[in-house]
Q: 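Here you go, one structure.
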Amino acid sequence: MTELHAKETTLWLIASASWVILPYTLYLPVWALLPFLFLAGWRYMVHAHSWRSPGRFVRLVLLLLATLIIYQYYHSFLGRDAGLTFLLLLMGLKFSELNAERDRILLVFILLLLTLGTFLYSQSLWVAGYLVVAVIACLATLVQIQQPTGLTVKKRLFVSGKLILAALPLMLIMYLLFPRISGGLWGLSSQTTATSGFSEELRPGSFSRLVESPVPVFRVQFEGNQAPPPAALQYWRGAVLSDTDGKRWFQNKAVNSPGAQVIDGKQLVTYNVTLEPNKQGWLFPLDLPVSKPNRHIVNQGLTLKAPHAIRERKRYRLQSYLSYRTTIPVQLDRYLALPAQTSLRVIELANKWRAQAAGTKNNANAAIAKLAFNHFREQLFYYTLEPPLLGGDPVDEFLFETKKGYCEHYAAAFVTLMRAAGVPARVVVGFQGSEYNPAGKYLTVRQSDAHAWAEYLDQKSGWVRADPTAAVAPSRIEYGIDSLRALSEKGLNLDLMPDAALRQNLAPGWLRSLGTGLRLRWDALNFSWYRWVEDFDPRRQAQILKKLGLFDTSWMLRVAVLTAIVIFMLAIFAAFILRKQDSHDKIQKLYLLFCRKLAKVGFHRQLSEGPLSFATRIKKTKPEWATAINKITDYYVLLRYGKTGMHITLKSLRLAIQDFKPV
């Protein structure tokens, strides 16, 4: 290998390695990349400025030092992070001994392994696209090593792209037919941190930080031709909070039974939920669920929870009733309990409502709830994202002094008043509303949709949802929290504006519409990638195999079918290569026949002589043969080395040689 070729190859290797390891900066400590930076730079200086290569002793010291650091940091060489950090170390050390062609080829294979290792952290669409470029760069580097001259950079990239395209059919067949495993890639979760900001407790301010977050919590697709329910019915049930100390609401974890059951449901909807990781394990069904995924728990208040934290994206199927009646639980004490320090003003207001509803026949609880809603409407309560801080008795201060708050203030105050009036009630926390994505035909529920509402016990219908926020700020429920925030930033009050003015102010401009459209399409593309690539589990594979008639076969038979298909494809590829080779052999045989004709008359072709040089030498001696010699030589060169025209065939060459009579 010439010095110029070695330098150019080293630059290709450094560029390819830099591209491959760049994503690792997001997942591994910075020091894990230092051996590569140091030794790759040293290797470049060897070729650019004639530095000496690191000796065996230096390489050994670097290996021992880096190995000790890795073990000190991870306490192991096994596992994803430790293993890939060690592989990065080996890749860096390989730059210190690029003494032969095989060293450079081995380094390319290490880079391909590191490319594959990136998928242990993420299999998202952008990562896949990024790594396709990495593979093309590695293959182009391999072409550079194998063929130092005769190919431009553009041609090397073109050859590597052709190699990837040639492998696509085999890749797709293995993707569809190779037995899948449950869970994430190689059993490892694709994400390790939770993203949901959902809280299992309710206290003033607990949802204020969620309002500012656009991070998706889950996405919902409705089956068949079912249209998504209107925003006013999109209540995604999280936790039921039955206990309070006057300042916060929390779960009664001693109670694990579902409690009430649905006895009369209407408007049944079936939908699939794709849930982002969350450390609490809640599943957030549409209010009210009548089914649950396997191995999941139905908690008090008909809420759904996994037995452990959800550390990777999860997809499951649910059914819910949008309209329902429930049974009445036997134990109601915990839904009536109030702290001893409940203020006298709260108790007096509740007693007043109970006295007014005393004459109501058979439905006093509903009458009290109606009085509470009227109170919130008539007493100039305001919905705001920036409520004033509350002191030792937040419910009393909110009801009689500040009268400003958001969902958690209204839910806590409503339940407290209902209990004080003798009506069993509880707080429910979850999400309300969503964003519809027309590109993917699904709903996206974000952290900013976090919401709190109430349920009270009706003598006829069982548990009834009551959202006092809707009484104060109905536009919050209809248009969503994002619309409220957008208007608040303009200094406008969402619920004091006429409908026409409201729609006019909420109408996005063309630039915002364009940005929203692009964002939704990108989100839909990523979601489709997740469904067909990241979430291609045994269940989805079985659906495809069923359509192919292979559903009831064992995995061993599937592997046998896959092997047979691979062998068949390789046989076709080999036949194509052999046919091309055989075609070249026929061309060569005809040209050798031409050479033998000339040898008989004293013109012997030298071993080092190419067809053009041979033809030139003959024409100098026999100019009368020039036309025939040019014709035969041009045909041979075009058929053997170039792209032939439609009129140039093997038969054309054969006839030209037959017509040639050297005398």
Side-chain angles (χ1 to χ4, degrees), residues 6-7 9-123 127 130-131 134-135 137-138 141-142 145 184-194 311-312:
K7 180 180 179 181
T9 302
T10 300
L11 289 175
W12 274 82
L13 286 169
I14 292 175
S16 300
S18 300
W19 186 267
V20 168
I21 70 174
L22 185 59
Y24 284 99
T25 59
L26 302 175
Y27 311 112
L28 296 179
V30 176
W31 59 260
L33 309 178
L34 294 181
F36 159 72
L37 297 175
F38 175 68
L39 293 170
W42 192 336
R43 173 54 55 183
Y44 174 76
M45 297 302 291
V46 168
H47 296 294
H49 299 284
S50 301
W51 283 22
R52 292 184 58 185
S53 298
R56 181 176 298 179
F57 178 76
V58 174
R59 296 198 302 268
L60 181 60
V61 170
L62 290 174
L63 175 62
L64 292 176
L65 180 61
T67 301
L68 288 174
I69 293 175
I70 291 174
Y71 189 80
Q72 181 67 25
Y73 190 84
Y74 293 108
H75 303 290
S76 172
F77 295 111
L78 303 177
R80 181 186 61 182
D81 293 346
L84 288 171
T85 301
F86 194 70
L87 190 58
L88 280 170
L89 164 67
L90 296 179
M91 184 268 293
L93 287 173
K94 197 61 187 173
F95 271 98
S96 67
E97 54 174 9
L98 296 180
N99 300 319
E101 182 177 297
R102 67 175 181 272
D103 295 326
R104 292 170 171 82
I105 294 175
L106 179 59
L107 183 55
V108 172
F109 290 157
I110 295 176
L111 292 178
L112 291 173
L113 277 177
L114 286 169
T115 300
L116 189 63
T118 309
F119 284 119
L120 294 175
Y121 294 99
S122 174
Q123 302 103 50
V127 169
Y130 183 93
L131 294 182
V135 172
C138 289
T141 303
L142 197 58
I145 296 171
L185 187 64
W186 298 301
L188 296 174
S189 63
S190 59
Q191 301 185 45
T192 58
T193 57
R311 301 194 180 278
E312 62 178 0

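Only a predicted model underlies this, so the values are computations on that prediction, with no experimental measurement involved. The residues of the chain are indexed from 1 along the displayed sequence.
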Q: Run the side chain to side chain contact (heavy atoms under 4.5 Å, CB included) test on R104 and E101 for me, step by step, so that the C-alpha distance in whole Å, both residues' side-chain angles and the decisive distance to 0.1 Å come before the verdict.
A: CA-CA 5 Å; R104 292 170 171 82; E101 182 177 297; 5.7 Å; no

Q: Please assess T25 against V30 for the test side chain to side chain contact (heavy atoms under 4.5 Å, CB included), listing each intermediate value before the final yes or no.
A: CA-CA 6 Å; T25 59; V30 176; over 6 Å; no

Q: Side chain of W19, backbone of Y130: donor and acceptor closer than 3.5 Å?
A: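 Here the side-chain-to-backbone pair exists.
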
Q: Are L107 and T141 close enough, and set up right, to give a side chain to side chain contact (heavy atoms under 4.5 Å, CB included), and what steps lead you there?
A: CA-CA 10 Å; L107 183 55; T141 303; over 6 Å; no

Q: In sequence, state the C-alpha distance, the side-chain angles, and the governing distance for F77 and I70, and then conclude on side chain to side chain contact (heavy atoms under 4.5 Å, CB included).
A: CA-CA 7 Å; F77 295 111; I70 291 174; 4.0 Å; yes

Q: Mind listing the closest non-hydrogen atom pair of A40 and I14 along with its distance?
A: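 Nearest heavy atoms, A40 then I14: O-CD1, 3.5 Å.
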
Q: I21 pairs by side chain to side chain contact (heavy atoms under 4.5 Å, CB included) with which of L33, L84, T118?
A: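 With I21 as partner, side chain to side chain contact (heavy atoms under 4.5 Å, CB included) holds for just one option, L33.
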
Q: Kindly say whether A32 contributes a backbone atom to a donor-acceptor pair with the side chain of Y24 at under 3.5 angstrom?
A: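 A pair under 3.5 Å: no.
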
Q: Answer whether the closest heavy-atom distance between the side chains of P54 and E97 falls below 4.5 Å.
A: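 They are not in side-chain contact.
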
Q: Listing request: all side chain to side chain donor-acceptor pair (under 3.5 Å) pairs with a residue in residues 63-72, at least two apart in sequence or in separate chains.
A: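 Found none.
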
Q: Which pair of heavy atoms, one from C138 and one from S16, lies closest together, and at what distance?
A: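 Smallest heavy-atom distance, with atoms named: N-OG, 4.2 Å.
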
Q: For Y44, is there any backbone N or O sitting under 3.5 Å from a side-chain donor or acceptor partner on W51?
A: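 Not at all, since once roles are kept as given, no pair shorter than 3.5 Å links the two residues.
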
Q: Kindly assign one of parallel, tilted or perpendicular to the pair Y74 and W31, based on the angle between their ring planes and the thresholds 30° and 60°.
A: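 Ring orientation, 0 to 90° scale: tilted.
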
Q: Indicate the atoms forming the closest heavy-atom contact of L114 with L88, along with that distance.
A: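 Heavy atoms of L114 and L88 come nearest at CD1-CD2, 3.9 Å.
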
Q: Ring pair (Phe, Tyr, Trp, His ring centres under 6.0 Å): which pairs involve residues 91-117, sequence neighbours left out?
A: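 The answer is F36-F95.
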
Q: Can you see which heavy atom on A17 is nearest to which on M91, and at what distance?
A: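 Here A17 and M91 meet closest at CB-SD, 4.2 Å.
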
Q: Could you list the residues that satisfy side-chain contact (heavy atoms from CB on, under 4.5 Å) with L93, not counting sequence neighbours?
A: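 Here the qualifying residues are L39, L62, L63, L89.
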
